[in-house]
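Before any comments, here is the structure.
Owing to the predicted nature of the structure, the values given are computational and were not obtained by experimental measurement. Naming: A, B, ... by sequence-line order, numbering from 1 per chain.
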Amino acid sequence: MIKFEGVHKWFGKLHVLNDINLHVTSGEVVVICGPSGSGKSTLIRCVNRLEKFQKGKLWVDDVPLHDHGVNLTQLRAEISFVFQQFHLYPHMTALQNVILAPVNVRKMNKAEAADLGRETLTRVDMADKFDSYPAQLSGGQQQRVAIARGLAMSPKIMLFDEPTSALDPEMIGEVLDVMVQLADEGMTMCVVTHEMGFARQVAHRVIFMDEGELVETGQPDSFFDNPQTERAAQFISKILTH
Amino acid sequence: MLENFNFRIIWEYMPFFLEGLRNTFLISIVSLVLALLVGISACACRLSQWRLLRGAATIYIESIRSTPLLVQIYFFYFGLPTLGLRIPEIQTGILALMLNSGAYIAEIVRAGIVSVSAGQIEAGIASGLNYFQRMRFIILPQALGVTVPPLLGQAIVLFKDSALLSMIAVAELTRSGQVLSSERFMPSEAFLTVAFFYLCIYFFLKSLADWSQKKLIFREAY
Ligand SMILES: Nc1ncnc2c1ncn2[C@@H]1O[C@H](COP(=O)(O)OP(=O)(O)O)[C@@H](O)[C@H]1O
Ligand SMILES: [Mg+2]
């Protein structure tokens with residue numbers, strides 16, 4: 001589904017991705033963790049081409065992103081991205097946020113899209129907030145609308161960039177619940193997060209990044225309980241005491 | 001004071017004032033429409049990825065904003081003929097007003113566009129919306145709310161600034177005051193009448209601005 005082969009990326013002189021090799025199969029849930037600035041966001045942003053890379057090969061759903069002339073609209077329609085800061089459109093209701101892309105990218109008719117939008121919002125437990133504006137919703141509710149916005153495109157892959165880091169602690173659970181449900185339904189997911197409970201519960205694999213390198217990868221339980229590298233061990237002890 | 005005020009002379013010159021008013025109106029409207037086009041284009045250049053366009057737009061905007069309008073008017077009035085370009089006063093005036101307001105409008109529009117967070121635009125990109133769809137559904141609806149009231153403010157400024165065209169003998173409203181004042185030596189009658197007409201225009205535009213402010217301000221984000 002997603003295949004990185006020797007991918008390198010630089011921001012000017014800064015080597016942000018250093019020889020990334022990674023294969024994510026269909027239906028797999030991969031959790032990516034690592035210290036701040038290690039390149040986690042950049043890694044998943046390459047998958048839907050929010051970032052370009054300079055060297056290496058990357059296939060997403062059999063589309064070679066290293067080639068010129070990739071149909072980006074088509075690619076992005078199949079991949080949903082959930083941001084740390086939600087980034088809902090503040091002048092639209094929850095329902096309008098959710099159906100904007102289905103109507104304009106998938107060319108769905110409005111009535112059909114509205115049905116789909118209500119159904120999707122119900123899935124993330126926002127059935128009573130169709131007509132609320134983002135400003136009227138809590139952080140956890142906004143993030144669930146953002147997930148519904150991604151889900152409404154019936155994506156093949158969902159990418160999450162620290163989806164709970166901007167939330168008050170009491171709202172983290174409601175968002176993770178929705179993500180667990182998606183994982184159980186077989187969605188292919190790449191999730192940048194430090195939520196160890198979530199990783200242990202649903203991740204098939206945990207990937208540890210440091211300074212642009214993919215340092216270690218393993219089963220969640222063995223990774224957290226018994227890390228193989230010094231750098232990973234240090235990182236885990238930090239998030240445990242945190 | 002009022003017993004010396006000559007209403008008859010105002011009445012006598014009324015057709016003359018009305019013609020000045022009409023010209024002020026036409027000049028301002030035409031300049032405003034052109035300034036909108038210039039301003040939006042300059043703003044697009046200013047936000048463009050190409051450094052050359054960005055640089056050119058910045059030089060234009062900053063040089064207009066840093067010099068007095070009267071100097072700009074004289075520059076075109078006396079400067080263009082020396083370059084071999086002879087155009088009538090009215091067109092020269094419209095050119096000056098258009099370029100002057102265009103620079104301010106470019107900045108107003110830019111402020112509206114950058115008020116939409118980069119994150120929302122990225123969310124639009126990530127969901128597959130193309131440039132025009134992002135403009136149409138995400139950026140413009142929000143930018144408009146913060147742009148229209150100051151644009152109407154700029155329109156008011158332009159109307160009043162058009163008075164400076166009297167300096168290059170364009171037959172607009174202020175010029176008709178000057179003419180009455182010098183033909184009959186009645187400056188109070190002349191300029192009070194002129195001021196009254198500007199006041200009417202001002203209140204018309206001002207109420208439009210207030211109304212748009214109420215209509216167009218969207219819900220606060222957050
Ligand atoms: N647009 C950018 N321009 C320049 N440097 C960037 C940009 N985005 C990220 N970086 C740098 O790249 C490195 C990796 O960033 P990022 O992928 O966001 O890390 P993480 O998500 O793991 O915290 C950081 O050092 C960051 O400062
Ligand atoms: Mg990050």
### Task
Would you check if there is a donor-acceptor pair between the side chains of B:Gln120 and A:His87 at a distance under 3.5 Å?
no

#### Entry: Nearest-0.5 Å distance that lies between atom CZ in A:Arg49 and atom CD1 in B:Ile125
12.5 Å

## Note on the structure
Applying a strict 4.5 Å limit to non-hydrogen atoms, the region of A:Leu137 in contact with chain B is neither

#### Entry: Closest non-hydrogen atom pair, B:Gln142 against A:Pro90
OE1-CG, 3.2 Å

### Task
Between chain A and each of B:Ala118, B:Gly124, B:Ala126, count heavy-atom pairs under 4.5 Å; write down the option with the most.
B:Ala126

### Message
More than 12 heavy atoms of other residues, nucleotides or ligands under 6.0 Å from CZ of B:Arg136: yes or no?
### Response
no

### Query
For A:Ile79, is it the side chain, the backbone, both, or neither that has a heavy atom closer than 4.5 Å to a heavy atom of chain B?
backbone

### B:Tyr131 atom OH: more than 12 heavy-atom contacts under 6.0 Å
no

#### Entry: Top contributor to chain B contacts, counting heavy-atom pairs under 4.5 Å, from A:Phe83, A:Phe86, A:Phe81
A:Phe83

### Task
Working to the nearest 0.5 Å, report the span between CD1 of B:Ile121 and OH of A:Tyr89.
10.0 Å

#### Entry: Inter-chain contacts: residues 98-109 of chain A against chain B, heavy atoms under 4.5 Å
A:Leu100, A:Ala101, A:Asn104, A:Val105, A:Lys107

### Query
Is it the side chain or the backbone of A:Leu72 that comes within 4.5 Å of chain B heavy atoms, both, or neither?
neither

### Query
At their closest point, which heavy atom of B:Ala123 faces which heavy atom of A:Arg149, and how far apart are they?
CB-NH2, 3.6 Å

